[in-house]
Amino acid sequence: MTKIFVRKVTTHVLQEMKLKGEKIAMLTGYDFSMARLLEAAGIDIVLVGDSASNVMAGHTSTLPITLDQMIYHASSVVRAISRALVVVDLPFGTYQGNSKEALHSAIRIMKESGADAVKMEGGKEVLESVDRILSAGIPVMGHLGLTPQSIHKFGTYVVRATEEGEANKLVADSNLLEKAGCFALVLEKIPAKLGAQVALELKIPVIGIGAGGYVDGQVLVLHDMLGITQDFSPRFLRRYHNLSEEIQGSVRAYIKDIKSRDFPNEKEQY
Ligand code: KIV
């Protein structure tokens, strides 16, 4: 039997993909079963996003999820993955104010989940924490533009960096993060032209969610693109399925079969 060699996606591989102009495909994942499907389908990066706070736990923002809960989700995902790169969000309150605490949080994620990298929201304001985590050898993915952990500061989920001042800050922050040593950058909900500019300026891969088509890769929230969530329909979201209807249809059929005494039949019992 010939053994198939699967090349693990590393930060180095992502850099090569950018150089070759090969687009990077990233999706969120929060549990073992779904992560196994993502891996089998050939996804490049699984992001254990703090959007778990919304889609898994039902909160209205990403703020409530804890470090322990992120580690639980991340370790479930890691058990399903052999090829993809697994990146884990540092949750709100575990890195913003204190770089020592940031390093401690990142180390806990790496040690307790077995993930490959962490992601952090913000630019200059979190640079000290980014530096400290990087100096411990932990790869960091940046995240600029709409940063959901700051939603109470923004007060709205509208497109970010449409004004010159904010756009200039985003470009400056992108360069700072690259210079610090981040291996990739997520840009969320910004004008496509600005996304293109940053992707062109930076040597590291830029992955967009609502940042247009001229960046180096794309990410979506799994439950949104599968149509499990229906209450969230931004322009950038392409739905590949309508699973909420399919799941409800299956559950209705199951209930009907039980009530009508059709399930279980002779062949489905011992
Ligand atoms: O938590 C998340 O799902 C994210 C993506 C939106 C990039 O950070």
Side-chain angles (χ1 to χ4, degrees), residues 14 23-31 34-35 38 43-67 69-74 76-77 84-96 105-106 109 113 115-123 126 130 139-151 154 157-161 170 174 177 182-190 195 198-199 204-212 215-226 228-229 231-239:
L14 295 174
K23 296 279 186 181
I24 297 164
M26 168 162 145
L27 277 172
T28 64
Y30 316 103
D31 68 282
M34 284 287 198
L38 300 185
I43 201 77
D44 297 314
I45 306 177
V46 179
L47 170 66
V48 184
D50 57 0
S51 50
S53 180
N54 307 87
V55 295
M56 301 304 285
H59 294 296
T60 53
S61 80
T62 58
L63 274 65
I65 199 158
T66 65
L67 188 57
Q69 288 164 342
M70 287 303 293
I71 290 169
Y72 166 77
H73 287 296
S76 307
V77 166
L85 186 90
V86 180
V87 182
V88 183
D89 265 332
L90 276 173
F92 176 69
T94 65
Y95 65 95
Q96 283 91 347
S105 307
I109 286 180
S113 76
D116 301 307
V118 298
K119 176 164 84 58
M120 300 162 67
E121 296 183 6
V126 296
V130 171
V140 175
M141 176 182 269
H143 183 159
L144 297 170
L146 193 137
T147 46
Q149 291 179 11
S150 308
I151 190 58
F154 298 145
Y157 284 96
V158 294
V159 184
R160 304 303 314 175
L170 186 139
S174 303
L177 291 172
C182 286
F183 73 93
L185 176 66
V186 166
L187 292 180
E188 181 164 352
K189 214 169 179 186
I190 60 163
V198 175
I204 57 171
V206 174
I207 298 170
I209 172 163
V215 287
D216 306 304
Q218 299 292 328
V219 56
L220 286 175
V221 169
L222 182 67
H223 290 58
D224 297 336
M225 64 83 82
L226 290 178
I228 296 174
T229 47
D231 44 0
F232 180 67
S233 291
R235 184 200 296 202
F236 66 74
L237 173 62
R238 185 177 292 183
R239 279 195 214 289

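Counting convention: from 1, in listed order, for ligands and their atoms alike. As the structure is a prediction and not an experimental result, all values here were calculated from the model.
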Query raised in the report: Below 4.5 Å, heavy atoms only, C-beta onward: do P148 and H143 meet side chain to side chain?
Result: yes
Requested in this report: For ligand 1, find out whether one of its N or O atoms is nearer than 3.5 Å to an N or O atom of D50.
Outcome: yes
Requested in this report: Applying side chain to side chain contact (heavy atoms under 4.5 Å, CB included) between M34 and each of V46, I228, L27, V77, report the one that passes.
Outcome: I228
Requested in this report: Starting from atom 3 (O) of ligand 1, find the nearest protein heavy-atom neighbour and note its residue, name and distance.
Outcome: S51 OG, 2.5 Å
Query raised in the report: Nearest protein heavy atom to atom 8 (O) of ligand 1, by residue and atom, and its distance?
Result: K119 NZ, 2.9 Å
Report summary line: At under 4.0 Å between heavy atoms, what of T62 touches ligand 1? The answer is neither
Requested in this report: Indicate whether any N or O donor in one side chain lies under 3.5 Å from an N or O acceptor in the other, for S76 and D31.
Outcome: no
Query raised in the report: Once the angle between the rings of H223 and Y30 is folded into 0 to 90°, is it parallel (under 30°), tilted (30 to 60°) or perpendicular (over 60°)?
Result: tilted
Query - Sub-3.5 Å N/O-N/O distance, E188 and ligand 1 - result: no
Query raised in the report: Looking only at N/O atoms, are Y30 and ligand 1 under 3.5 Å apart anywhere?
Result: no
Report task. Using a 4.5 Å cut-off on heavy atoms from C-beta on, say whether the side chain of C182 contacts that of M120. Result -> no
Report task. Do me a favour and list the nearest non-hydrogen protein atom to atom 5 (C) of ligand 1 with residue, atom name and distance? Result -> L47 CD2, 3.8 Å
Query raised in the report: So, do I45 and L14 sit near enough that their side-chain heavy atoms are less than 4.5 Å apart?
Result: yes
**Report entry** L220, I209, L27: member with heavy atom nearest to atom 6 (C) of ligand 1
**Finding:** I209
Query - Close approach, E121 and ligand 1, non-hydrogen under 4.0 angstrom - result: no
Report task. Taking only heavy atoms of T28 into account, list the atoms of ligand 1 that are under 4.0 Å away from them. Result -> 3 (O)
Query raised in the report: Under a heavy-atom criterion of less than 4.0 Å, does M26 contact ligand 1?
Result: no
Report summary line: Per-atom filter on ligand 1: closer than 4.0 angstrom to a heavy atom of H143 are 8 (O)
Query - Identified side chain to side chain contact (heavy atoms under 4.5 Å, CB included) counterpart of D50 within the set L63, I65, T28 - result: I65
**Report entry** Heavy-atom side-chain contact between L170 and R160 under 4.5 Å
**Finding:** no
Query raised in the report: Near D89, which atoms of ligand 1 are under 4.0 Å from a heavy atom of that residue?
Result: 1 (O), 2 (C), 8 (O)
Report task. Report, in ascending order of atom number, the atoms of ligand 1 lying under 4.0 Å from any heavy atom of V221. Result -> 3 (O)
Query raised in the report: Would you say the side chain of Q69 lies within less than 4.5 Å of the side chain of P64, judging by non-hydrogen atoms?
Result: no
